[in-house]
Student: 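Take a look at this one; I'll ask things after.
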Amino acid sequence: MNDDREGTTDTAKVRVRRAPKIPVFLIAGGGLGAIVTFIVTALYPTDPNIGFGTLFGYFLIFGIPAGVVVGAVVALLLDRRASKHAQAVDAERIHVDAVPEEVEGEIEQ
């Protein structure tokens with residue numbers, strides 16, 4: 001295959017920035033919320049009629065969403081910081097017309 005085809009080029013200014021991956025922050029925040037919930041639940045004595053597992057599960061209902069919210073806030077703050085530090089660079093785009101490829105064994109009509 002020969003890529004010596006000529007094409008038209010144009011340039012444009014684009015902004016380049018390093019944006020955080022928001023789902024990673026949401027998952028990490030939820031995990032951190034579960035860990036903090038476990039630690040806080042383990043610090044205090046539990047009622048023997050309820051049990052530790054039930055109490056921990058109940059508090060997870062509050063701990064995981066709180067961790068997800070904290071992760072989302074951190075991701076949004078980092079995204080805003082990345083937007084302020086974005087750099088403008090020149091990008092070159094090459095437009096090349098596609099040439100149909102020949103397939104061996106195909107009969108042309």
Student: Please list, one pair per line, the donor and acceptor atoms closer than 3.5 Å that link side chains of residues 32-42 to other protein atoms, with sequence neighbours excluded.
Tutor:
| unit_1 | atom_1 | unit_2 | atom_2 | d |
| --- | --- | --- | --- | --- |
| T37 | OG1 | G33 | O | 2.7 |
| T41 | OG1 | T37 | O | 2.7 |

Student: Nearest 0.5 Å please: distance from the CG atom of D10 over to the NE2 atom of H95.
Tutor: 4.0 Å
Student: Any side-chain to backbone donor/acceptor pair from R15 onto S83? Under 3.5 Å, distance only.
Tutor: yes
Student: If you round to the nearest 0.5 Å, how far is OG1 of T46 from CZ of F56?
Tutor: 13.0 Å
Student: At their closest point, which heavy atom of P20 faces which heavy atom of A75, and how far apart are they?
Tutor: CG-O, 3.6 Å
Student: If you count heavy atoms of other groups shown closer than 6.0 angstrom to CZ of F52, is the number above 12?
Tutor: yes
Student: Say whether I64 and V70 are linked into one hydrophobic cluster, either directly or through other cluster members, by side-chain heavy-atom distances under 4.5 angstrom.
Tutor: no
Student: Output the distance between atom CZ (R81) and atom CZ (R18), rounded to the nearest 0.5 Å.
Tutor: 10.5 Å
Student: Which heavy-atom pair separates A91 from V14 by the least distance, and what is that distance?
Tutor: CB-CG2, 3.8 Å
Student: Quick one: pull up CG in L55 and CG in D47 and give me the separation to the nearest 0.5 Å.
Tutor: 9.0 Å
Student: Using 0.5 Å steps for rounding, measure from the CZ atom of R93 to the OG1 atom of T11.
Tutor: 10.5 Å
Student: Can you find a pair of side-chain heavy atoms, one from L78 and one from F25, that are under 4.5 Å apart?
Tutor: yes
